[in-house]
There are 2 protein chains.
Amino acid sequence: MNLKTLAQELGLSPTTVSRALNGYPEVSEATRIRVMKAAEAANYRPNTQAKRLATGRAMAIGHIIPISTRHEIVNPVFADFIAGAGEVYARRGYDMVITIVPDDQEARAYAELRSKGNVDGVLVHAPKVEDHRIAMLDHLGLPFVLHGRVSGIESSYSWVDVNNVRAFTRATNFLLDLGHRRIALINGIGNMDFARRRRRGYEQALTARGIAPDPALITEGEMTEAQGHDAAREMLQLSNPPTAFLTASLLSAMGARRGIEEAGLKMGRDISIVTHDDELGYLKNGTAEEPIFTATRSSVREAGRRCAALLIDQIESGDRTPRHELMEAVLVLGQSTGPAPTA
Amino acid sequence: MNLKTLAQELGLSPTTVSRALNGYPEVSEATRIRVMKAAEAANYRPNTQAKRLATGRAMAIGHIIPISTRHEIVNPVFADFIAGAGEVYARRGYDMVITIVPDDQEARAYAELRSKGNVDGVLVHAPKVEDHRIAMLDHLGLPFVLHGRVSGIESSYSWVDVNNVRAFTRATNFLLDLGHRRIALINGIGNMDFARRRRRGYEQALTARGIAPDPALITEGEMTEAQGHDAAREMLQLSNPPTAFLTASLLSAMGARRGIEEAGLKMGRDISIVTHDDELGYLKNGTAEEPIFTATRSSVREAGRRCAALLIDQIESGDRTPRHELMEAVLVLGQSTGPAPTA
DNA sequence: CTGAAAGCGCTAACAA
DNA sequence: TTGTTAGCGCTTTCAG
């Protein structure tokens with residue numbers, strides 16, 4: 001069933017039917033209703049491709065996922081972001097087009113998406129310090145929104161990010177308030193922008209209390225269980241070992257926990273862990289002496305929603321002045337994951 | 001840059017240029033080369049929407065992800081599948097369109113995808129026992145491939161699946177060979193087809209050795225850390241507790257490990273764990289007395305590739321006779337994750 | 001081997 | 001308020 005035949009059945013022109021269906025004002029209420037009913041009855045749906053060609057709008061948003069670095073796709077957090085963004089796309093009639101590319105071909109992927117007219121805009125994931133993609137997208141003229149920020153870049157662009165500095169300042173302060181003075185940081189890959197900011201928050205909190213950050217207590221890398229385990233084992237063998245760990249992910253925290261137990265120490269008695277990730281409800285129901293965490297997964301989903309909404313707004317309004325949203329992480333202590341963080 | 005202007009610049013008709021670019025035989029090698037060069041120089045890419053409209057092919061594959069049940073999107077394994085499928089799509093020129101829907105609207109989502117002509121086929125995830133989606137897609141006439149199978153359905157369809165029965169039979173036998181007689185199963189949600197099959201494999205192995213499966217040693221549910229922990233705690237309080245755990249996911253295994261330690265038992269001395277999931281390299285480097293696991297994540301990625309390739313083949317060939325691929329899980333013991341499982 | 005012309009299904013000026 | 005006409009950018013007969 002297409003427009004033309006539907007129009008014929010109704011004894012109307014395709015134009016009128018189109019207008020009625022798309023809510024144009026200049027069509028009489030009577031015919032509109034008649035058309036709507038007929039369309040409903042015939043189970044008519046406008047052909048997407050034709051619509052796209054005619055309007056010049058792809059009604060789709062692209063997400064490019066580079067894969068040679070495993071972090072992005074393996075990170076469970078990515079799925080949450082997609083879920084959040086997908087909710088918004090569904091609501092607003094957009095398709096989500098995901099492209100997997102070896103990361104040395106990422107630039108070409110954006111350019112192709114652009115020149116083939118596949119998408120109206122893109123969402124950019126996992127920005128690195130001084131990420132080159134910003135300049136490239138600017139140059140392409142393809143609307144985009146970053147999930148995260150890029151520290152080393154002066155040009156302005158739209159982004160949605162969580163306040164990583166503040167989250168880690170608070171988490172560090174929490175441990176300091178408990179009396180800890182030797183606090184280790186198990187962080188993400190150093191050139192990821194979020195990791196840089198988290199480290200800054202941690203160091204600022206220490207410095208503010210007159211404690212010099214100790215490089216021996218900081219490790220950066222892929223946020224896996226093994227990372228947490230190895231780091232904990234190693235650090236606990238120092239002559240002046242940490243009494244607490246602050247980790248950037250739940251997996252690292254689990255690993256650290258294992259390392260701690262292998263060293264014969266007991267969680268909450270000898271040592272504490274704070275993690276940034278609420279991922280799977282692990283580490284919940286603790287007391288103040290036990291692990292706490294800040295909410296990541298729920299906020300990533302919310303970030304997905306906001307990125308998507310922001311991008312669609314920009315596309316539909318044509319207004320390209322950069323906009324930002326900074327979300328606060330929620331510190332979760334001794335209870336299950338709370339609602340998504342507030343702005 | 002579009003076909004028309006490119007043709008003008010070359011002093012050729014759009015037809016000829018199109019033919020040259022699309023590899024039609026009836027164009028002279030000389031002009032083909034000339035056209036190719038010009039296209040390259042002008043950085044010309046055919047407009048996707050126009051191509052789609054003209055050919056009637058969407059050059060896109062849909063993935064519908066229902067979200068009210070959290071399992072799918074939260075499961076890290078899903079990201080691996082997407083990565084694998086995405087590789088193939090990229091190679092063969094297809095877009096991957098992901099739709100997130102509240103799971104009570106899944107049927108409508110497929111119907112819309114179909115009638116709007118958004119995609120040429122769909123990949124179906126996480127089949128349940130007696131999954132109704134098969135009948136629906138059959139009825140819609142939309143080509144599809146299942147990742148997994150549906151036990152309770154007689155109609156035939158294409159699928160790619162891992163041999164869950166055999167994986168769990170082998171894992172159970174491994175524990176039996178070590179001398180265990182009280183083996184617990186921490187399984188996925190009961191109405192998921194894969195969970196049903198895993199259970200069957202486990203029970204078959206026990207029965208074959210004359211051991212009656214004990215319902216008190218079987219638990220089914222969302223495969224979280226908490227599930228593993230709670231199940232382990234509970235089962236270890238039985239008057240006749242298990243000496244080994246077989247879990248369907250790494251997270252459950254981690255949880256079980258925590259539960260075991262809380263109970264004052266020691267891994268590898270008092271108790272063993274085998275898990276189906278190689279997720280993050282956890283539990284590796286064990287001895288025979290220590291945990292082993294079968295490769296899931298790497299095989300899921302491979303499954304993604306195969307599903308995508310199978311679907312595209314069917315779409316392009318027009319041949320709708322159902323095809324299947326059964327992959328064997330690889331038992332990984334005392335070493336890091338191996339290569340993807342072989343067929 | 002190349003080109004002219006029609007058409008994919010829709011939207012959007014412009015007329016009436 | 002409705003219809004006519006052109007056109008989005010490509011592919012694909014059908015002629016030459």
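Note that the coordinates shown come from a computational prediction; the quantities given were computed from them, not determined experimentally. The chains referred to below are lettered A, B, ... by the order of the sequence lines, with proteins before strands, and numbering in each begins at 1.
- DNA chain C is contacted by both B/A54 and B/G11; B/G11 maps to the nucleotide lying nearer its 5′ end (nearest heavy atom per residue).
- Ion pair A/D95/A/R52 flagged as a salt bridge, since at least one NZ, NE, NH1 or NH2 atom sits closer than 4.0 Å to an Asp/Glu carboxylate oxygen.
- With axes fitted over five pairs at each extremity, the angle between the ends of the helix from C/dC1-D/dG16 to C/dA16-D/dT1 is 40° (10° resolution).
- Across C/dA4, C/dC10, D/dT5, the shortest atom-to-atom separation from the side chain of A/T15 is found for D/dT5.
- Within the nucleic acid shown, B/S28 comes within 4.0 Å of sugar-phosphate atoms alone, with no base atom in reach, counting heavy atoms only.
- Between B/V97 and B/A60, the shortest heavy-atom contact is CG2-CB, 4.0 Å.
- Of the candidate nucleotides C/dC10, C/dC8, D/dT4, C/dC10 has the atom lying nearest to any side-chain atom of A/K51.
- With hydrogens and angles ignored, no donor-acceptor pair under 3.5 angstrom links the side chain of A/S18 to the base of C/dA12.
- Among the nucleotides D/dC10, C/dA4, C/dT11, the one closest to any side-chain atom of B/Y44 is D/dC10.
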Practice task
Could you check A/R92 against A/D313 for salt bridge (Lys or Arg N to Asp or Glu O under 4.0 Å), going step by step and ending with a plain yes or no?
Solution key: CA-CA 10 Å; A/R92 307 201 42 179; A/D313 285 346; 3.2 Å; yes
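- The base of C/dA12 is not paired with the side chain of A/T55 by any donor and acceptor separated by under 3.5 Å.
- When distances are taken from the side chain of A/E26 to each of C/dT2, D/dT2, C/dG9, the shortest belongs to D/dT2.
- Interface remark: the B/R19 side chain does form a donor-acceptor pair with the C/dG3 base, using a distance-only criterion of under 3.5 Å.
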